[in-house]
Amino acid sequence: MCGRFASDRPGQQLLQDYAATAADDAQEWRGSYSIAPTNAMPIVRERVDSSSGELHRTLDVVRWDFWPSFIEKKTKPNFNARIERLTTSGLWRGAFASSRALVPMRGYYEWTGPKVDRQPHFLHAEDGELLTAAGIYTARRVGDDWMLSAAIITRPARDASGEIHDRMPVFLERDVWEEYLQPGKLNQAGQEHMLELLTAESDRVAGSIATYEVDRKVNYTTRVDPSDASLIDPL
């Protein structure tokens, strides 16, 4: 996955899709057809209330740039977490064990051709339905507030995705959302089981990904209008 995706469904609809409640003003999310690293994006996560013991599933709008509290200064964004390093990298290991999230997306962009004339492709569910990627998140104190940030988990691409790029997001079907989001820290065995789950489920979804070429206007991150639905129109 190169670094851009579309998550066009508004917050109110996402609340229904994921049976979640809104954190802060997440219900005001209007959707975007061009989300780049460090931009805002929606995620779904679960937490246990420390006082009541109740489980809460929330929709949050977070920064797409994983920024844990132990990193004071950053030189580049960390937005994709390779599945091969989730249990071995000090950057990802803690979040994978205890802070997993879902990332709703309509699809994502990849490019082919020379840098001077790159052709963008939009990869999406063959049936047109919303895709759900696996992610991890973290929180850091910024002044008096907490800033949430997240990364999307990627894997080697296959099927149609593999024809365009060598990496793709790990996508999950609805029937495993609850297991993936389950709060509480996974031990080593639990982490290995979760890796197996991610691999098996994303293998299943990969075969249903389709792709088509889109207009080159999507190439210009700083000039593109994120609310422009024609960004994902096929040529």
Side-chain angles (χ1 to χ4, degrees), residues 1-47 56-69 71-81 91-92 95 99-110 120 122-124 130-154 169-172 177 180-181 214 217-232:
M1 182 179 178
C2 188
R4 200 105 60 85
F5 71 98
S7 186
D8 62 328
R9 192 159 289 183
Q12 291 289 355
Q13 184 62 53
L14 290 176
L15 293 176
Q16 298 178 35
D17 293 338
Y18 292 90
T21 57
D24 299 323
D25 57 353
Q27 73 276 3
E28 301 300 324
W29 170 258
R30 296 186 178 184
S32 172
Y33 293 93
S34 179
I35 300 175
T38 74
N39 288 169
M41 71 173 187
I43 67 167
V44 176
R45 60 182 180 137
E46 287 188 353
R47 292 171 295 160
H56 296 281
R57 178 179 292 186
T58 60
L59 174 71
D60 296 80
V61 175
V62 309
R63 177 186 173 101
W64 187 24
D65 173 20
F66 190 83
W67 195 344
S69 58
I71 297 180
E72 293 186 7
K73 295 182 179 180
K74 291 172 65 73
T75 57
K76 62 179 181 178
N78 295 305
F79 51 94
N80 289 338
L91 179 60
W92 313 121
S99 301
R100 295 174 301 280
L102 303 176
V103 183
M105 65 172 69
R106 176 65 54 197
Y108 65 103
Y109 301 96
E110 291 294 358
F122 188 65
L123 293 94
H124 60 97
L130 198 69
L131 291 165
T132 300
I136 52 176
Y137 72 92
T138 187
R140 65 182 290 112
R141 176 76 75 173
V142 179
D144 295 330
D145 300 318
W146 287 96
M147 182 187 79
L148 291 175
S149 59
I152 293 171
I153 299 173
T154 67
V170 168
F171 291 119
L172 302 177
W177 291 356
Y180 183 68
L181 288 178
V214 294
K217 63 183 176 182
V218 78
N219 292 358
Y220 305 100
T221 310
T222 58
R223 303 207 307 257
V224 73
D225 178 4
S227 66
D228 182 1
S230 71
L231 291 175
I232 64 171

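Just so it is clear, the values below take in all heavy atoms, side chains as well, and ignore hydrogens, waters and symmetry mates. It should be emphasised that the depicted structure is a prediction, and the values quoted were computed from it without experimental measurement.
In this structure, the separation between CZ on F5 and CZ on F79 is 11.0 Å, given to the nearest 0.5 Å. Taken from OG1 in T21 to CD in Q27, the straight-line distance is 10.0 Å, to the nearest 0.5 Å. Rounding to the nearest 0.5 Å places OH of Y180 at 3.5 Å from CD1 of I153. From L181, atom CG reaches atom CG of L102 across 4.0 Å, with rounding to the nearest 0.5 Å. Atoms CZ and OG1, on R4 and T221 in that order, are 3.5 Å from each other to the nearest 0.5 Å. The structure places CZ of R9 at 12.0 Å from CG of L15, a figure rounded to the nearest 0.5 Å.
Put simply, the residue from N80, N78, V103 that forms a side chain to side chain contact (heavy atoms under 4.5 Å, CB included) with W64 is N80. For the side chain to side chain contact (heavy atoms under 4.5 Å, CB included) criterion with Y18, the lone passing option out of L130, T58, L59, I43 is L130.
What you find for A133 and M105 is that their closest heavy atoms are CB-CE, 3.9 Å. Smallest separation of non-hydrogen atoms from W177 and D17: CZ3-O, 3.9 Å. Contact between F122 and H124 at its shortest, heavy atoms only, is O-CD2, 3.6 Å. Taking every heavy atom of both residues into account, W29 and A40 meet most closely at CH2-O, 3.6 Å. Residues A23 and D60 come closest through the heavy atom pair CB-OD2, 3.1 Å. When all heavy atoms are compared, the tightest approach of V218 to P120 is CG1-CB, 3.4 Å.
For residues 218-229, the pairs satisfying salt bridge (charged side-chain N to carboxylate O under 4.0 Å, His left out) are K217-D228, with sequence neighbours left out. Pairs engaging residues 21-43 under the salt bridge (charged side-chain N to carboxylate O under 4.0 Å, His left out) rule: none recorded [sequence neighbours left out]. Pairs passing the side chain to side chain donor-acceptor pair (under 3.5 Å) check and including a residue from residues 139-152, sequence neighbours excluded, do not occur.
Listed for the R45 side chain is no donor-acceptor partner under 3.5 Å among the backbone atoms of Y137. Judged purely by atom type and a 3.5 angstrom limit, S7 uses its side chain to pair as donor or acceptor with the backbone of P104. Looking at W67, its side chain does come within 3.5 Å of a backbone N or O of I71 through a donor-acceptor pair. Of the possible donor and acceptor atoms, none in the side chain of D8 sits under 3.5 Å from a partner among the backbone N and O of S32. Not one N or O on the side chain of R106 forms a donor-acceptor pair closer than 3.5 Å with the backbone of A6.
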Side chain to side chain contact (heavy atoms under 4.5 Å, CB included) assessment of I232 paired with Y109: CA-CA 9 Å; I232 64 171; Y109 301 96; 3.2 Å; yes

Trace of the side chain to side chain contact (heavy atoms under 4.5 Å, CB included) decision for F66 with I152: CA-CA 9 Å; F66 190 83; I152 293 171; over 6 Å; no

Full working for side chain to side chain contact (heavy atoms under 4.5 Å, CB included) between T138 and I136: CA-CA 7 Å; T138 187; I136 52 176; over 6 Å; no

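Counting only heavy atoms from C-beta outward, the side chains of D65 and P37 never approach each other to under 4.5 Å.
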